[in-house]
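Input: a single structure, listed below in structure tokens.
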Amino acid sequence: ILYRDGSGLQRLAKGTAGQALKMNSSANAPEWGTIDDTFGSKLLHISEGTFATNTTNSWTKLTLSVVRTNEITGASLSSGVITLPAGTYISHSSVVFYRTNGYNARLRNTTDGADLLVGSGGHTWTNPDDASTCPSFIVGKFTLSAQKNVELQYFIDASYNQTTSQSGHPNNLMLWKVA
């Protein structure tokens, strides 16, 4: 590979297996280096398919039960409580609501009693016949300074008693540890 620097054309020799072309730390010349695949290789995916939305009028733990993928060392699930090690995380999680009036979801650090991320909220029902299924998306980035217990929680002002079908409404906690 030929590139031009302040003194003219320079040649960059070939790299080794697994390396990628990137800019050096001064951003003035190309170099070979390793690819950072942190985002793609440290996923925690937990889901729950059985969930009937009922009026709560308070924040309620969503009891997640199925670990689909756990590539984060030190992360675990027990009785709907997720234990996460210190680090920075990106969330793309969702909780699905059906026939509810006033809903929301959040990711809560229950060790410290602090919200990590609050999802989108809304309304999916008007009595007697109007109904739709809508998710609350919990998307964002947060950092934990030490190991913490975390819950996926939901809030509903009012709801219509429902019967779930096809394993209920799928809910997903998806976290990537990025640092």
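These numbers come from a predicted model, not from an experiment.
The OG1 atom of Thr69 sits 12.0 Å away from atom CG of Leu175, with the distance rounded to the nearest 0.5 Å. Taking CG of Leu77 as the start and OG of Ser65 as the end, the distance is 7.5 Å to the nearest 0.5 Å. Atoms CG and CG, from Leu21 and Leu12 in turn, are 6.5 Å apart once rounded to the nearest 0.5 Å. Rounded to the nearest 0.5 Å, atoms CD (Glu151) and CD1 (Ile82) are 7.5 Å apart. A distance of 11.5 Å separates CG in Leu64 from OG in Ser79, rounded to the nearest 0.5 Å. To the nearest 0.5 Å, atom CD of residue Glu71 and atom CG of residue Leu43 are 5.5 Å apart.
Between Thr110 and Gln153, the closest side-chain pair of non-hydrogen atoms falls below 4.5 Å. Side-chain contact check for Leu62 versus Leu173: every heavy-atom pair is 4.5 Å or farther apart. Side-chain contact check for Tyr89 versus Ile72: some heavy-atom pair is nearer than 4.5 Å. Val150 is not listed as a side-chain neighbour of Val81, based on a closest heavy-atom distance of 4.5 Å or more. Side chains of Glu31 and Lys22 form a contact here, defined as non-hydrogen atoms less than 4.5 Å apart. Proximity of Ile156 to Thr60: side-chain heavy atoms (C-beta onward) are nowhere separated by under 4.5 Å.
Nearest heavy-atom pair, Asn70 versus Ala75, reported as atom, atom and distance to 0.1 Å: ND2-O, 2.8 Å. Nearest heavy atoms, Ala105 versus Val95: CB-CG2, 3.8 Å. Residues Lys61 and Gly80 approach most closely at CD-O, 3.9 Å, considering heavy atoms. What you find for Ser91 and Leu117 is that their closest heavy atoms are CB-CD1, 3.5 Å.
The hydrophobic cluster around Leu9 extends to none of the other residues, as no ILVMFWY side-chain heavy atom falls under 4.5 Å of it. Within the hydrophobic cluster formed by Ile, Leu, Val, Met, Phe, Trp and Tyr side chains joined at under 4.5 Å, directly or through other members, Val118 stands alone, with no partner residue.
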Throw together a table of side-chain donor-acceptor distances under 3.5 angstrom for residues 139-147, partners on residues two or more places apart or in other chains.
unit_1: Thr143; atom_1: OG1; unit_2: Thr88; atom_2: OG1; d: 3.0

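The stretch residues 5-18 participates, sequence neighbours left out, in no salt bridge (Lys or Arg N to Asp or Glu O under 4.0 Å) pair at all. Contacts classified as salt bridge (Lys or Arg N to Asp or Glu O under 4.0 Å) and involving residues 101-114 (residues at least two apart or in different chains) are given here: Arg106-Asp115, Arg108-Asp115, Asp112-Lys148.
Partners of Ala29 according to the side chain to side chain contact (heavy atoms under 4.5 Å, CB included) rule, which considers only residues two or more places apart in sequence or in another chain, are Tyr3, Asn24.
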(request) Step by step, work out the side chain to side chain contact (heavy atoms under 4.5 Å, CB included) result for Leu152 and Ile46. (result) CA-CA 10 Å; Leu152 184 57; Ile46 302 171; over 6 Å; no
(request) Dump the intermediate steps for side chain to side chain contact (heavy atoms under 4.5 Å, CB included) on Val66 and Ser47, then the final yes or no. (result) CA-CA 5 Å; Val66 181; Ser47 67; 4.0 Å; yes
(request) Take Tyr154 and Ser136, measure what side chain to side chain contact (heavy atoms under 4.5 Å, CB included) needs, and give me the verdict at the end. (result) CA-CA 9 Å; Tyr154 67 95; Ser136 174; over 6 Å; no
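Formation of a donor-acceptor pair under 3.5 Å by the Ser120 side chain with backbone atoms of Phe137 is found in this model.
In summary, the side chains of Asn149 and Thr83 do present a donor paired with an acceptor at a separation below 3.5 Å, with no hydrogens or angles considered.
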